[in-house]
Amino acid sequence: MSALEKINRENIPSHIAIIMDGNGRWAKKAGALRVFGHQQGVESVRAAVEGSVELGVKHLTLYAFSTENWNRPKLEVMALMKLLVNSITKEAPKLHKQNIRITAIGHLDQLPDDARKGLEKGIELTKDNTGLNLQLALSYSGKWDIAQAAKRLAERVAKGELSPEDINEDTFANHLSTAGQPDPELMIRTSGELRISNFLLWQLAYSELYITDKLWPEFGKEDFFEAIYSYQNRERRFGKTSEQVK
Ligand code: FPP
């Protein structure tokens with residue numbers, strides 16, 4: 001039976017987050033330059049997007065570029081930015097036709113002008129769509145997200161719009177870049193690394209983690225469905241006992 005056939009359509013995660021890791025290693029194995037791995041990774045992005053649309057996932061957050069990725073060799077950073085603008089420019093009209101909304105989270109001011117402008121165009125074109133929210137984490141770090149939420153809350157307290165007593169988990173979450181979205185029920189990471197790597201630190205508090213040894217360019221739609229099937233067979237206890245959640 002295929003993973004898709006095994007999936008329970010009544011229990012689809014509303015938010016899936018992915019750390020797309022292993023492009024470089026995949027390219028090395030193929031005897032190619034790292035950028036070839038990133039190019040091939042775009043095919044896996046397509047598979048995850050298609051799989052999400054087929055199952056009715058509401059939010060798909062992809063860790064496309066971390067704050068730490070700026071420390072990579074300049075040529076690789078430039079190639080990744082170019083790939084990003086080209087992919088968004090090429091795919092945005094097709095995504096738009098499928099009612100997909102492109103959004104982005106992260107320190108977007110740090111992106112080179114052409115990358116930011118290309119991204120903004122895609123966001124603008126698709127902003128009224130009501131289907132999948134394809135959320136790209138770009139120049140993103142979980143610590144940055146928490147710090148910027150704290151800063152905005154402090155500013156609002158200083159202006160007298162909020163009092164310190166108003167700050168709780170809900171108000172805090174509403175100042176994160178993912179405000180208004182459910183936390184990811186499932187986080188997928190490829191290439192076998194057992195780390196969160198400064199991704200959605202607050203939002204992943206109770207996410208189920210699915211880690212596969214497959215490298216990102218090898219991760220196809222069937223693998224995506226397999227991850228969802230695995231999620232559906234976990235017992236989510238949220239600190240309670242097994243008996244309490246049965
Ligand atoms: C991690 O592999 C991957 C990245 C840092 C970039 C991910 C980008 C894409 C898949 C392409 C563009 C995305 C979109 C949304 C169009 P790595 O380079 O860290 O691999 P390694 O750990 O094997 O070196």
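All ligand and atom numbering here is 1-based and tracks the order in the structure.
- For ligand 1, the polar-atom distance check against R25 finds a nitrogen or oxygen pair separated by under 3.5 Å.
- Here is the list of ligand 1 atoms found below 4.0 Å of a heavy atom in H38: 4 (C), 6 (C), 11 (C), 18 (O).
- A donor-acceptor contact closer than 3.5 angstrom links the side chains of E76 and H38.
- Using a cutoff of 4.0 Å between basic side-chain nitrogens and carboxylate oxygens, K121 and E124 are not scored as salt-bridged.
- Contact annotation: for R46 versus ligand 1, there are no heavy atoms closer than 4.0 Å.
- There is a side-chain donor-acceptor pair under 3.5 Å between E5 and S2.
- Side-chain polar atoms of S207 and D183 form no donor-acceptor pair below 3.5 angstrom.
- Using a 4.5 Å heavy-atom threshold, the side chains of S139 and L108 count as separate.
- Under 4.0 angstrom from ligand 1, the non-hydrogen atoms of W216 all belong to its side chain.
- Here's the thing with N23: one of its N/O atoms is less than 3.5 angstrom from an N/O atom of ligand 1.
- Atoms of ligand 1 lying under 4.0 Å from any heavy atom of M20, numbered from 1 in the order shown and given with element: 1 (C), 2 (O), 3 (C), 7 (C), 10 (C).
- In terms of N/O distances under 3.5 Å, ligand 1 is not approached by G41.
- Here R46 pairs with E43 in a salt bridge; the nearest charged N to carboxylate O distance falls below 4.0 Å.
- With a heavy-atom cut-off of 4.0 Å, L136 touches ligand 1 through its side chain alone.
- The atoms of ligand 1 that sit less than 4.0 Å from any heavy atom of A64 are 6 (C), 7 (C), 8 (C).
- Checked by atom type, the side-chain pair T212/R189 shows no donor-acceptor distance below 3.5 Å.
- Only the side chain of R34 comes within 4.0 Å of ligand 1, counting heavy atoms alone; its backbone N, CA, C and O stay farther away.
- Across the listed options R72, Q40, K28, R72 owns the non-hydrogen atom lying nearest to atom 19 (O) of ligand 1.
- In terms of polar-atom proximity, defined here as any N/O pair under 3.5 Å, W26 makes no such contact with ligand 1.
- Remark: minimum distance from atom 14 (C) of ligand 1 to any protein heavy atom is reached at L84 CD1, 4.0 Å.
- Close contacts of ligand 1 with G24, meaning ligand atoms under 4.0 Å from a residue heavy atom, involve 17 (P), 18 (O), 20 (O), 21 (P), 23 (O), 24 (O).
- When the shell of 6.0 Å around NZ of K94 is examined, it contains more than 12 heavy atoms from other residues, nucleotides or ligands.
- Residue contacts with ligand 1: S87 is placed with no nitrogen or oxygen under 3.5 Å of a nitrogen or oxygen of the ligand (distance criterion only).
- Side-chain polar atoms of N129 and T126 form no donor-acceptor pair below 3.5 angstrom.
- Using a distance-only test at 3.5 Å, with no hydrogens or angles considered, no donor-acceptor pair links the side chain of E208 to the main chain of S230.
- For N69, every heavy-atom contact with ligand 1 shorter than 4.0 Å involves the side chain, none the backbone.
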